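Inspection log for the structure reproduced underneath, given as structure tokens.
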Amino acid sequence: MLDIKFIRENKDIVIAGAKKKHIEVDVERLISLDDKRKELQKIIDDKRAEQNAASQKIVSISDPAEKQKLIASMAEVKQVMQTAEGELETIMQEWRALMVRVPNVPDFSVPEGESDADNQEVKTWGEIPTFSFEPKSAAELLAMHDMVDTERGAKVAGFRGYFLKNDGVRLVWALERFVQDRFMNREGFEPIIVPSLVRREPFVGTGYLPQSEDDLYKTQDGDYLAGTAEVAMMGYFMDEILEKKDLPLKYFAFSPCFRREAGSHGKDEKGIFRVHEFVKYEQVILCEARHDESVKHHEELTENSEKLLQELKLPYHVVVNCGGDIGLGQVKKYDIEAWMPSEKRYRETHSSSYFHDFQTRRLNIRYRDEDGTVKFVHSLNNTALALPRILAHIVENNQEADGSIAVPEVLRGYIGKDVILHTQRS
RNA sequence: GGAAGGGUGGCUGAGAGGUCUAAAGCAUCGCACUUGAAAUGCGACGUGGGGCAACCCACCGUGGGUUCGAAUCCCACCCCUUCCGCCA
């Protein structure tokens with residue numbers, strides 16, 4: 001959520017920002033509602049002041065007749081106030097509905113565009129592998145090695161269900177220990193395991209609700225299953241005032257993740273690339289409210305993930321997402337996408353965003369500055385590692401002509417072998 | 001799921017229709033005393049909104065209600081704690 005004052009003072013910037021993100025919201029309407037809001041609030045404040053003054057007086061009047069007279073006159077004040085309050089409530093309903101739909105203003109460096117097709121490549125790393133044979137898809141390779149069973153997955157868990165098996169599990173567990181080792185103690189990140197079953201407020205606070213209800217699983221108790229640890233991690237500090245000396249706060253957060261993938265039928269139907277249920281290690285940073293701090297940490301978060309891909313020797317590129325492909329709250333977003341040989345294109349492994357105070361304003365997470373003023377902190381997040389998705393990139397990029405898969409060097413110590421042989425099964 | 005007890009400022013906690021503009025203590029900050037620190041004394045000390053300002057308004061879990069007036073009474077809900085039940 002943006003500050004209404006900011007919206008009023010920077011109307012044109014806000015409108016242009018919404019347009020860049022391809023989000024429809026009537027900012028003019030919001031401002032005229034806000035004018036009305038201020039007007040009614042003034043009336044109510046004045047009447048209440050009158051009432052407060054009379055209240056004091058009533059106590060001190062000893063003559064019963066005079067006292068009754070004043071009390072009776074206050075009944076009229078009450079009437080006026082109730083009418084104004086009723087009007088205000090009506091206006092506020094629409095005001096609030098509009099406020100939560102006003103998007104954060106994207107950074108100047110965010111390119112124009114409608115969809116992920118318009119994202120701009122800002123960096124590439126690694127050499128795209130060449131094969132003397134037609135590379136198999138991850139789905140084929142994983143099935144071939146009995147690393148994943150999607151047929152029984154569907155039987156048991158429904159569409160996009162899966163069982164991970166054998167070397168599929170070994171690789172996932174190796175990757176978990178690999179990423180844990182990289183983040184534990186080394187980069188100033190505090191490890192934390194967060195809930196996936198989360199109440200509504202943190203979803204609204206992080207900007208997932210109210211507009212993405214369809215993307216979330218909901219329980220009969222009114223809770224939701226989070227699609228990322230970001231939701232609970234940000235909720236952790238809801239309604240708190242932090243100390244500046246404690247900033248930046250950096251977290252290496254783990255959680256199971258659940259996504260309905262509504263509207264993505266037909267996409268990535270095979271394999272384990274797009275599933276309803278997975279696990280993810282997520283980086284979250286809360287820092288002081290300065291643009292340059294946010295930018296600095298955003299680059300840091302992105303680099304952290306790049307290093308992992310470099311160690312895994314997966315060729316990747318970084319794209320800066322265009323206006324139409326970033327969410328309501330984000331100022332800027334990089335997607336990191338690793339090469340997928342069977343598709344001859346890069347596919348997303350990481351998503352790195354910063355929000356300024358968009359999330360923390362909704363969540364009411366603040367800190368006290370040196371001069372004693374209270375400010376909303378800035379928030380950022382990026383994937384550390386999402387599993388099992390990256391298995392797809394690993395098996396495809398490391399496949400041999402006979403279907404064997406070379407284990408990335410950094411994982412060999414964890415998994416205890418150098419290669420997953422096609423012939424190993426009888 | 002059953003029963004009981006609770007939710008008040010950064011923390012502890014008083015407060016039971018009007019003087020609550022929320023006691024007191026702790027913590028924090030400033031000053032004094034001190035070689036320095038501790039201790040002590042004095043003072044400051046919540047958040048948000050409106051106003052050039054004096055000042056005004058709101059906020060005691062949330063939302064309604066009663067009343068001229070609600071932290072206080074009524075209703076609903078949310079959350080927490082303890083015990084029982086269930087359970088990895």
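Below, all heavy atoms of this structure are taken into account, side chains as well, without hydrogens, waters or symmetry copies. Naming convention: chains lettered A, B, ... in sequence-line order (proteins, then strands); numbering from 1 in each chain. What you see is a predicted model; the values in this text were computed from it and never measured.
In this structure, A76(B) forms a base pair with U62(B), meeting either the Watson-Crick or the G-U wobble geometry with both donor-acceptor distances under 3.5 Å. The partner of G1(B) is C84(B), judged by Watson-Crick or G-U wobble contacts that both fall below 3.5 Å. Base pairing annotation: A16(B) forms no Watson-Crick or G-U wobble pair, as no partner gives both donor-acceptor distances under 3.5 Å. Base-pair partner of U40(B): A32(B) (Watson-Crick or G-U wobble, both distances under 3.5 Å). The base-pairing partner of G25(B), taking Watson-Crick or G-U wobble contacts with both distances under 3.5 Å, is C11(B).
Straight-line distance between the P atoms of C84(B) and U67(B): roughly 46 Å, to the nearest whole Å. A gap of 42 Å separates the P atoms of G65(B) and C26(B), to the nearest Å. Atom name P, nucleotides C33(B) and C42(B): the rounded distance is 16 Å, in whole Å. G6(B) and C86(B) are spaced 25 Å apart, taking the C1' atom of each and rounding to whole Å. For U8(B) and G13(B), the C1' atoms lie 9 Å apart once the distance is rounded to whole Å. A71(B) and C59(B) are spaced 7 Å apart, taking the P atom of each and rounding to whole Å. A70(B) and U19(B): their P atoms are spaced 11 Å apart (whole Å). Of the P atoms belonging to A76(B) and A3(B), the separation is 14 Å, rounded to the nearest Å.
A side-chain donor-acceptor contact under 3.5 Å links His145(A) to the backbone of Gly403(A).
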Exercise. Would Lys280(A) and Thr228(A) satisfy side-chain hydrogen bond (donor to acceptor under 3.5 Å, both in side chains), going step by step from the backbone distance to the final call?
Worked result: CA-CA 7 Å; Lys280(A) 183 158 59 63; Thr228(A) 166; 2.8 Å; yes
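When each of Ile71(A) and Glu89(A) is assigned the nucleotide of RNA chain B with its nearest heavy atom, Glu89(A) is the one assigned upstream, toward the 5' end. The residue among Arg366(A) and Gln56(A) whose nearest nucleotide of RNA chain B lies closer to the 5′ end is Gln56(A).
Listed candidates were C57(B), G48(B), U67(B). Nearest to the side chain of Val374(A) is G48(B). Taking the side chain of Arg48(A) as heavy atoms from C-beta on, and the options G50(B), A58(B), C68(B), the nearest nucleotide is A58(B). Among the nucleotides G69(B), C78(B), G49(B), the one closest to any side-chain atom of Arg199(A) is C78(B).
Nucleotide G69(B) holds its C1' atom 16 Å from the NZ atom of Lys47(A), rounded to whole Å. A straight line from CD1 of Ile58(A) to P of G18(B) spans 13 Å, rounded to a whole angstrom. Rounded to whole Å, the distance from CZ on Phe6(A) to P on G48(B) is 19 Å. Remark: C1' of G49(B) and CZ of Arg361(A) are 14 Å apart, rounded to the nearest angstrom. Regarding Met92(A), its CE atom lies at a distance of 12 Å from the P atom of G64(B), rounded to whole Å. For Asn364(A) and G61(B), the CG to P distance is 16 Å, given to the nearest whole Å. Per the geometry, NZ belonging to Lys42(A) stands 12 Å off C1' belonging to G49(B), to the nearest Å. Distance, Asp223(A) CG to C78(B) P: 11 Å, rounded to whole Å.
Within the structure, a side-chain polar atom (N or O) of Gln51(A) is placed less than 4.0 Å from OP1 or OP2 of G69(B). For G49(B), the OP1/OP2 oxygens have no side-chain nitrogen or oxygen of Lys38(A) closer than 4.0 Å. The phosphate of U21(B) (OP1 or OP2) has no side-chain N or O of Asn52(A) nearer than 4.0 angstrom.
Taking every heavy atom of both residues into account, His22(A) and Gly324(A) meet most closely at ND1-CA, 3.7 Å.
Here Ala49(A) lies in heavy-atom contact (under 4.0 Å) with sugar-phosphate atoms only.
At a threshold of 4.5 Å between non-hydrogen side-chain atoms, the residues Leu286(A) and Met234(A) count as touching. Looking at Arg29(A) and Glu94(A), their side chains come closer than 4.5 Å, going by heavy atoms from C-beta outward.
At most 12 heavy atoms of other shown residues, nucleotides or ligands fall within 6.0 angstrom of atom CD in Glu114(A).
The cationic atom of Arg389(A) (NZ for Lys, CZ for Arg) does not lie both less than 6.0 Å from the six-membered ring centre of Phe278(A) and within 45° of the ring axis.
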